[in-house]
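Let me begin by presenting the structure, written as structure tokens, before commenting on it.
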Amino acid sequence: MDIHKAFHMKGGVGDNSYTKNSSLQKRVADEVKHVTAEAIQQVFVTKKPKSLGIADLGCASGPNALSTIKQVVEAVENASRAIQQPPPEFRIYLNDLHTNDFNTIFQGLPDLYKELNRGTKQPLYIAACPGTFYGRLFPDQSLHFVYSSNSLHWLSMVPRGIYDEEGRSMNRKSVYISERSPPAVRKAYLQQFQEDFSLFLKSRSRELIPGGRMLLMMLGRTASDHARCANSFLWELLYQSLAHLFAQGEVEEEKLESYDVHFYAPSKEELEDEVRKEGSFRIEMVEMFEMQRADVSGSYGTAVAKAVRCIQESMLAHHFGEGILDKLFHHYGALIDQESVKRDVRSTTALLLLTKF
């Protein structure tokens, strides 16, 4: 499967869209918005550029991207008033894969301009930059600030090392690292993360100016054992839901045992190791934090299932067909409700702030 062609958030504004089901991601971004503001203010105050280059990598298709733009623009303008420096022009690049629904973002721009009191003469330039962030996207030293939220846990591919010599997955009875996964699977996922994240750092080191900053947020883990983490537990429940459909004769066994996700939740130590090995950035902050369970009206399991569906639907439909999706996520939501009574399932987010040497 070509991940770059098949993987995208559910576009549009329908009930199952990312636009309508990305509030959990926004809660994470809002939790650290003070860090975002301070990070970009530091770059502006130190460099005082006339033209400020900002990239949001993995922007997806909902209102969260516009919220990020508003946040960083207001932070810089507040800093410019504090130091009595004219505000810069803003060059803001929204990046995601070519299959991303950029149109839904841009349809919200007129309202954003009104919120920011932007007239036709004030310099705020916003553009789409489609392509994978595992590689170059921008000219040398064209950026001052890179932001990425809830994106870097997606790998460039399902690790090749999980397949045997005949091309069959060794990770049967799982879609991600679980207690049933053999050591070779765990090793393959780690190696793929190391390769991808190193390439990401190398690419951004060329594109950022010296002293430029990156603020990266992704799902991570605090335990050494992946199977003990909430992120892995949610993948386990997805496998159980697929296995339920197999038992009902609605999913083929071969399809069930060959579905694996291109996901990796790194530990703090794994992130720090890759930054040090690559060598272009100084670590200003690295933290792992858990979010309190969101208050939702109605079923919590249904809310989480809808959030997962808008992210995974394109991949599942490509592999299994669209016909199973409603039943799959109905059962998935019910399982989450059952398990949430027994345990408090909280995902862990890694926050990483870097400055380019």
Side-chain angles (χ1 to χ4, degrees), residues 1-10 16 97-99 132 134 151-196 219 221 225-266 304-336 339:
M1 184 188 305
D2 187 339
I3 299 295
H4 298 161
K5 292 182 179 180
F7 182 56
H8 58 84
M9 306 297 103
K10 179 71 172 178
N16 292 321
L97 296 174
H98 295 83
T99 48
T132 175
Y134 294 123
S151 296
L152 276 163
H153 43 250
W154 298 114
L155 301 173
S156 65
M157 65 179 73
V158 176
R160 294 189 183 94
I162 73 168
Y163 302 108
D164 62 21
E165 294 179 354
E166 297 179 357
R168 296 176 302 185
S169 174
M170 295 184 290
N171 201 31
R172 296 176 182 85
K173 310 299 181 186
S174 303
V175 298
Y176 180 55
I177 302 169
S178 73
E179 293 178 347
R180 298 178 297 277
S181 300
V185 167
R186 300 166 190 262
K187 180 179 178 181
Y189 269 99
L190 173 59
Q191 289 179 338
Q192 188 64 53
F193 161 74
Q194 291 171 329
E195 178 183 324
D196 284 346
L219 292 174
R221 72 184 198 280
D225 184 357
H226 288 267
R228 295 182 180 274
C229 300
N231 298 322
S232 299
F233 182 65
L234 290 174
W235 288 122
E236 170 65 16
L237 294 185
L238 182 62
Y239 175 82
Q240 290 180 21
S241 300
L242 288 166
H244 174 74
L245 293 186
F246 165 69
Q248 293 185 327
E250 300 198 36
V251 167
E252 298 174 10
E253 184 176 14
E254 187 277 330
K255 290 285 188 181
L256 173 64
E257 303 303 352
S258 61
Y259 188 71
D260 296 281
V261 296
H262 64 297
F263 172 91
Y264 189 79
V304 174
K306 288 174 74 70
V308 173
R309 176 171 181 168
C310 73
I311 297 169
Q312 275 287 291
E313 178 170 317
S314 65
M315 300 294 287
L316 289 162
H318 186 277
H319 190 81
F320 296 100
E322 295 183 358
I324 72 162
L325 295 176
D326 288 342
K327 290 182 179 180
L328 172 66
F329 284 102
H330 175 76
H331 188 74
Y332 184 58
L335 277 183
I336 294 172
E339 293 299 327

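Just so it is clear, the structure is predicted and the values come from calculations on it, not from any experiment. This chain uses plain numbering: 1 for the first residue, then up along the sequence.
Legend: residues meeting salt bridge (charged side-chain N to carboxylate O under 4.0 Å, His left out) with E254, ordered by chain and number and at least two apart, are absent. Remark: Q191 pairs with no residue by the side chain to side chain donor-acceptor pair (under 3.5 Å) rule, at least two apart or across chains. Applying the side chain to side chain contact (heavy atoms under 4.5 Å, CB included) criterion to E236, with sequence neighbours excluded, gives S178, R180, Q240. Remark: F7 engages W154, H262 in a ring-ring contact (aromatic ring centres under 6.0 Å, His included) (not counting sequence neighbours). Every residue two or more places apart in sequence or in another chain that forms a side chain to side chain donor-acceptor pair (under 3.5 Å) with Y259 is listed here: Q312. Residues passing the side chain to side chain contact (heavy atoms under 4.5 Å, CB included) test with D164, sequence neighbours excluded: E166, R168, M170, R172. Residues satisfying the ring-ring contact (aromatic ring centres under 6.0 Å, His included) criterion with Y264, sequence neighbours excluded, are F193, H226. Take K173 and apply the side chain to side chain donor-acceptor pair (under 3.5 Å) test, not counting sequence neighbours, and it matches E257. Every side chain to side chain contact (heavy atoms under 4.5 Å, CB included) that H8 has, sequence neighbours left out, goes to T99, S314. Partners of A227 by side chain to side chain contact (heavy atoms under 4.5 Å, CB included), not counting sequence neighbours, listed by chain and number: E179, D225. When the side chain to side chain donor-acceptor pair (under 3.5 Å) test is applied to S232, no partner is found at least two apart in sequence or on another chain.
A 4.5 Å side-chain heavy-atom check between L256 and Y239 finds at least one atom pair inside the cut-off. Proximity of F329 to K306: side-chain heavy atoms (C-beta onward) are nowhere separated by under 4.5 Å. Contact check for H331 versus L335: side-chain heavy atoms found under the 4.5 Å cut-off. Within the 4.5 Å cutoff, side-chain heavy atoms of D326 are placed close to those of R309.
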- [ ] Go through the steps to decide whether I3 and M315 satisfy the test side chain to side chain contact (heavy atoms under 4.5 Å, CB included), and finish with yes or no.
- [x] CA-CA 8 Å; I3 299 295; M315 300 294 287; 3.3 Å; yes
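Side chain of H98 to main chain of H4: no donor-acceptor pair is present (N/O by atom type, distance under 3.5 Å, no hydrogens or angles). When atom types are taken as modelled, the side chain of D196 and the backbone of L155 share no donor-acceptor pair closer than 3.5 angstrom.
The distance from the OH atom of Y189 to the CD1 atom of I162 is 4.5 Å, given to the nearest 0.5 Å. The structure places CD1 of I177 at 9.0 Å from CZ of F263, a figure rounded to the nearest 0.5 Å. Annotation: the span from L316 atom CG to L328 atom CG amounts to 6.0 Å, rounded to 0.5 Å. Atom CG of N16 is separated from atom NZ of K10 by 7.0 Å, given to the nearest 0.5 angstrom. In this structure, the separation between CE on M9 and OG on S151 is 7.5 Å, given to the nearest 0.5 Å. Distance check, rounded to the nearest 0.5 Å: CG of L242 to CD1 of I324 gives 5.5 Å.
The two residues P159 and A188 come nearest to each other via the heavy atoms CB-O, 3.5 Å. Across all non-hydrogen atoms, the minimal contact from L325 to A317 is CD1-CB, 4.2 Å. Considering all non-hydrogen atoms of both residues, V158 and D260 come closest at CG2-O, 3.4 Å.
Applying the salt bridge (charged side-chain N to carboxylate O under 4.0 Å, His left out) definition to pairs two or more places apart or across chains, none involves residues 153-162.
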